[in-house]
Amino acid sequence: MREHTEVAVDREHGALRPFPRDRLAVAPVRAAEALLGAVLVRRFTDGAEVWARIVEVEAYAPDDPASHSYRGPTPRCQTMFGPPGVAYVYRSYGIHRCLNVSVGAEGEGAAVLVRAAAVLRGTAEVRRRRPHVRDDAALLRGPGNLTEGLDIGLTLDGHDLLADGALSLVVDGFAGEVERGPRVGVSQAADRPWRLVVSGAAAVSRYRRSPRAS
DNA sequence: GGAATGATGCAT
DNA sequence: TGCATCATTCCT
């Protein structure tokens with residue numbers, strides 16, 4: 001892995017540095033805290049770039065009935081067991097795709113689901129993929145919308161987010177208030193407060209409890 | 001082989 | 001609140 005990303009400096013947001021892998025080699029809720037405020041950089045083959053600040057995440061632990069990894073590694077979720085910093089992308093409801101960051105030690109089935117992000121650069125690129133959206137804040141609101149807006153497909157499953165490439169994670173020194181609450185849409189362990197959002201961020205999705213939750 | 005189900009989003 | 005839509009997983 002290279003030491004620095006090519007997109008090292010931005011006038012408005014200051015110096016960016018690659019996300020440190022050891023900050024993800026921790027318990028999933030702590031990794032989720034670290035990922036809030038980090039910036040996703042999507043690079044397209046034509047050179048276009050989108051930057052988006054993560055404002056909403058959910059933690060999924062090995063000992064967690066709501067986690068895909070709960071029953072051990074399967075072909076779908078094996079990247080959850082990979083090294084921290086690797087993308088876990090899966091298909092949801094046969095329609096959408098969801099982006100996770102594998103966290104914890106290698107061999108441990110933990111991940112952080114990226115649920116929403118605020119576009120910092122490349123709004124037009126995102127809007128091209130979601131033309132019907134009126135409000136800019138809603139462009140990457142919701143896990144399925146985020147992957148659609150950033151054109152994140154299943155081919156990125158297993159991709160290292162901490163190296164230069166089509167999709168990478170960088171840090172820009174964000175510090176702000178965090179709110180916690182129950183995770184969206186899970187029927188198991190529905191009351192664990194493992195959804196973390198940046199307070200007041202306009203791109204945060206609305207909470208909806210699973211109708212199947214006990 | 002078959003059936004249940006879901007880390008969703010959008011229209012109603 | 002209902003439903004589209006299908007891969008994955010588990011059961012028989």
Side-chain angles (χ1 to χ4, degrees), chain A residues 24 27-33 35-36 40 52 54-82 84 86-104 108-117 119 126-127 129-159 161 167 179-198 202-214:
Chain A
L24 299 177
V29 177
R30 281 223 292 144
E33 290 169 352
L35 283 166
L36 267 192
L40 277 170
I54 296 172
V55 297
E56 178 183 352
V57 294
E58 284 178 358
Y60 288 86
D63 175 23
D64 177 3
S67 174
H68 290 171
S69 64
Y70 185 57
R71 288 173 233 277
T74 65
R76 177 179 61 163
C77 73
Q78 61 176 340
T79 54
M80 282 186 76
F81 293 81
V86 165
Y88 167 43
V89 183
Y90 70 91
R91 186 173 295 283
S92 171
Y93 288 86
I95 308 166
H96 314 284
R97 300 167 305 273
C98 292
L99 169 69
N100 298 250
V101 181
S102 177
V103 302
E108 192 178 36
V112 173
L113 171 68
V114 183
R115 292 192 52 90
V119 180
V126 178
R127 189 165 284 291
R129 289 164 176 86
R130 309 200 66 218
H132 54 287
V133 176
R134 301 213 173 192
D135 184 6
D136 277 0
L139 284 171
L140 302 179
R141 178 188 291 155
N145 294 331
L146 183 139
T147 54
E148 182 177 25
L150 295 178
D151 193 28
I152 293 170
L154 298 180
T155 56
L156 285 173
D157 184 42
H159 175 83
L161 299 172
L167 184 64
E179 287 171 32
R180 294 149 198 272
R183 295 173 290 185
V184 174
V186 301
S187 61
Q188 302 293 311
D191 295 318
R192 294 189 189 182
W194 288 359
R195 172 172 175 257
L196 279 61
V197 309
V198 172
V204 169
S205 71
R206 92 173 195 281
Y207 174 71
R208 206 224 264 215
R209 186 181 176 89
S210 167
R212 299 176 187 277
S214 45

First of Ser187(A) and Glu148(A) reached from the 5' end of DNA chain B, by closest nucleotide: Ser187(A)

Side chain to side chain contact (heavy atoms under 4.5 Å, CB included) against Ala116(A), all qualifying residues, sequence neighbours excluded: Val55(A), Glu56(A)

Along DNA chain B, first and last positions that approach a heavy atom of chain A under 4.0 Å: dG6(B) to dC10(B)

Worked check of salt bridge (Lys or Arg N to Asp or Glu O under 4.0 Å) between Asp157(A) and Arg91(A): CA-CA 11 Å; Asp157(A) 184 42; Arg91(A) 186 173 295 283; over 6 Å; no

Pairing annotation in dot-bracket form, given for DNA chain C with Watson-Crick or G-U pairs under 3.5 Å and | for cross-strand partners: ||||.||||||.

Sugar-phosphate only, base, or nothing, as touched by Arg130(A) at under 4.0 Å among non-hydrogen atoms: sugar-phosphate

Given DNA chain B, 5'-ward residue of the pair Ser210(A) and Leu146(A), judged by closest heavy atom: Ser210(A)

Qualifying residues under side chain to side chain donor-acceptor pair (under 3.5 Å), relative to Glu33(A), sequence neighbours excluded: Arg180(A)

Arg115(A) (side chain) donor-acceptor with Leu196(A) (main chain) under 3.5 angstrom: no

Any Cys77(A) side-chain heavy atom under 4.5 Å of Arg71(A) side chain: no

Residues that Ala137(A) engages under side chain to side chain contact (heavy atoms under 4.5 Å, CB included), provided they are two or more places apart: Asp135(A), Arg141(A), Ala202(A)

Close side-chain approach of Phe81(A) to Ser69(A), heavy-atom, < 4.5 Å: yes

Sugar-phosphate, base or nothing in reach of Asn100(A), heavy atoms under 4.0 Å: base

Heavy-atom side-chain proximity of Val204(A) to Val198(A) below 4.5 angstrom: no

Intermediate values then yes/no, side chain to side chain contact (heavy atoms under 4.5 Å, CB included), Ile152(A) and His159(A): CA-CA 11 Å; Ile152(A) 293 170; His159(A) 175 83; over 6 Å; no

Per-nucleotide protein contact string for nucleotides 3-12 of chain C (B base, S sugar-phosphate only, - none; heavy atom under 4.0 Å): -BBBSSSS--

Side chain Arg183(A), main chain Ala59(A), donor-acceptor under 3.5 Å: yes

